[in-house]
Student: 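Let me begin by handing over the structure; questions about it come next.
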Amino acid sequence: MTTQSTNLWVLLGLGLAGIVLITRKFKKSVREDFGAFLEKLQLLPPPQPAPPKAPHPLTALTFALSDLFDIEGRVSTFGHPEWARSHEPASSTSPAVSALVEGGATCVATTVVDDFALGIGGENKHYGTPTNPAAPARVPGGASSGAAVAVAANFVDFALGIDTTGGVRVPAGFCGILGFRPSHGAVSHLGIIPISTSLDTVGWFAKDPSILRRVGHILLQAPFVVQRSPRQIVIADDCFQHINVPLDRSSQVVVKATEKLFGRQVLKHINLGDYISSRVPSLKGCSGQKTNGEVKASSLKLLANIMQFLQRHEFKRTHDEWLNTVKPDQSPSVSAQLHDKFEVSDVEIENSKSVRSEMRSAINLLLKDEGILVIPTVADPPPKLGGKEILSEDYQSRAFSLLSIASISGCCQVSVPLGFYDKYPISVSLIARHGGDRFLLDTLQTVYTTLQELADIASKSKPSENVVSKEQSAEFAKEKGNQAYKDRQWQKAIGFYTEAIKLCSDNATYYSNRAQAYLELGSYLQAEADCTKAISLDKKNVKAYFRRGTAREMLGYYKEAIDDFKYALVLEPTNKRAAAAADRLRKLFQ
């Protein structure tokens, strides 16, 4: 192994002690650091205060930072060599970095980010892709890939990253570590290369929740408050129903931990998509209209679209002149975002502002001061290195639908690892209201050990040597769902039907039954989608046609509803409910 090293000593004026910067540059081929680091350096903290004063709160901790934070006398790469070549060294150090060093921590390196910090995969063709310690053949997640890898590989105690549309949360989930996105505006953005000012946040990674919390106390500069227990933990059941992890390894771990620590009365279940639809009226002004009676975008997908629109618009507004002048070589994912025609109207800008404001109010109303919302961090396992899966519209839609909740609302979120499933890291996320950062960090500190214990138990609770087939297990889950439905426990029934679908996804009955439970909850979009899936699997499923007709009637798609009721009658001429429904709607249009 060969390395090329140079030592550069620069005195940085941070407090009375100053900071010594030692830069050591590595060739791209060196992988002893998992490809996480761009430059080794040392930003040294000031001397400890004399007793009886307490030592600095971050004493003896080391950290790394994503290469878009200003360090005096140094040029950040922003994930691209052309950026470094065309910009001057920083005249001062980012206040966030200075605060951590003055708090006693030592900064030891800068780390790789995606091109212009725009991706969520973590791949970088210019500086190399950091190796995911938890899954080496898979991407580490981005944009703050190197920072996450440095923590996951135990090179540093914590690391700073940027989270705009998931830049800290995604790599935390993919690498199996803690990742915190603070409330928008809670940590200073000064001395950081902007991506999208409406969405940018300074986030951080750690393995130890106490370190994550200590770092938060420095960066947030929040006043001391008495630690409080959550009064309500809200499980977003609809968000967990379409991820590639069984419920007993994800949301149920949180449910059991909540019951053990705070009692069952604290738990609440919600269909988050429906809640957002009812509380964020400006979403109706976004694209997502129905075609042939089918709605093309749910409320969460519309949020994802707005998030991507804002990031693209604000990035181009800030950096378009530089891009047009320098014309840097770009990866396919970045090129697709920046080079496609992109026209923005004043109406779209105003509508996106309204959605952000309404979304923040909606989440704050849902959680109040002492509530926690639980969602998956990511919907899918980390994609293979060099693959195209992460660029697909379906993959990005599933990912951004979850990531947009905190990005658009500006609320704080922490990604929490829950071990491994099918050889890949799995995680859940806890969200608190905007400004509830310290409460969220305190809650994480309280629940973390119990979550890890229960996740470990769940990972070892395997069915005995395939005695029961997947089909049999699916039928058991369906019967449990039927019983829950009879007991009028609609959300519980949906959970069981979802388990059946995960075990056997080509059974029309499971989708049709889940649709009926959705109808009881008034979740008409989900009911329509499930019925459409059931019909695609079984063209003669009478109940699916009738239930879809009911959902469409409630959504106002009367013509399509009549067609569904008519077809149910063709399949079953004696179906009185279908006949009555079709007749009722026909009279409305006479």
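Keep in mind the model is a prediction, meaning the values are calculated, not measured.
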Student: Nearest 0.5 angstrom please: Ile218 CD1 to Leu100 CG, how far?
Tutor: 7.5 Å
Student: Does a donor on one side chain sit under 3.5 Å from an acceptor on the other, for Asp70 and Ser94?
Tutor: no
Student: Please tell me if the side chains of Ile306 and Arg356 come closer than 4.5 Å, counting only heavy atoms from C-beta onward.
Tutor: no
Student: So, Lys327 and Glu82, do they make that salt bridge, N to O below 4.0 Å?
Tutor: no
Student: Taking the six-membered ring for Trp and the single ring otherwise, decide whether the centroids of Phe155 and Phe37 are under 6.0 Å apart.
Tutor: yes
Student: Can you tell me how far apart CD1 (Ile233) and CD1 (Ile372) are? Round to the nearest 0.5 Å.
Tutor: 6.5 Å
Student: Does the side chain of Thr446 pick up a donor-acceptor pair with the side chain of Gln227 at under 3.5 Å?
Tutor: yes
Student: Just checking, any donor-acceptor pair under 3.5 angstrom between side chains of Thr164 and Gln311?
Tutor: no
Student: If you measure from the Lys or Arg side-chain nitrogens to the Asp or Glu carboxylate oxygens, is any gap between Asp442 and Arg228 under 4.0 Å?
Tutor: no
Student: Testing Thr77, Thr111, Leu160, Ile162 for side-chain contact (heavy atoms from CB on, under 4.5 Å) with Leu68, which one passes?
Tutor: Ile162
Student: Report yes or no: does Glu314 contribute a side-chain atom to a donor-acceptor pair with the main-chain N or O of Ser198 at less than 3.5 Å?
Tutor: yes
Student: Is the distance between the ring centroids of Trp322 and Phe116 under 6.0 Å?
Tutor: yes
Student: Of Pro182, Ser361, Ser183, which meets side-chain contact (heavy atoms from CB on, under 4.5 Å) against His434?
Tutor: Ser183
Student: Looking at side-chain heavy atoms only, is the closest gap between Met359 and Ile276 below 4.5 Å?
Tutor: yes
Student: Does the side chain of Thr110 pick up a donor-acceptor pair with the side chain of Glu39 at under 3.5 Å?
Tutor: no
Student: Look at Asp329 together with Lys125 and state whether they make a salt bridge at an N to O cut-off of under 4.0 Å.
Tutor: yes
Student: What about the rings of Phe158 and Trp204, do their centers lie closer together than 6.0 Å?
Tutor: no
Student: Strictly under 6.0 Å, is that where the ring centroids of Trp83 and His319 end up?
Tutor: yes
Student: Only one of Asp437, Asp200, Asp163 clears salt bridge (Lys or Arg N to Asp or Glu O under 4.0 Å) with Arg181; which?
Tutor: Asp163
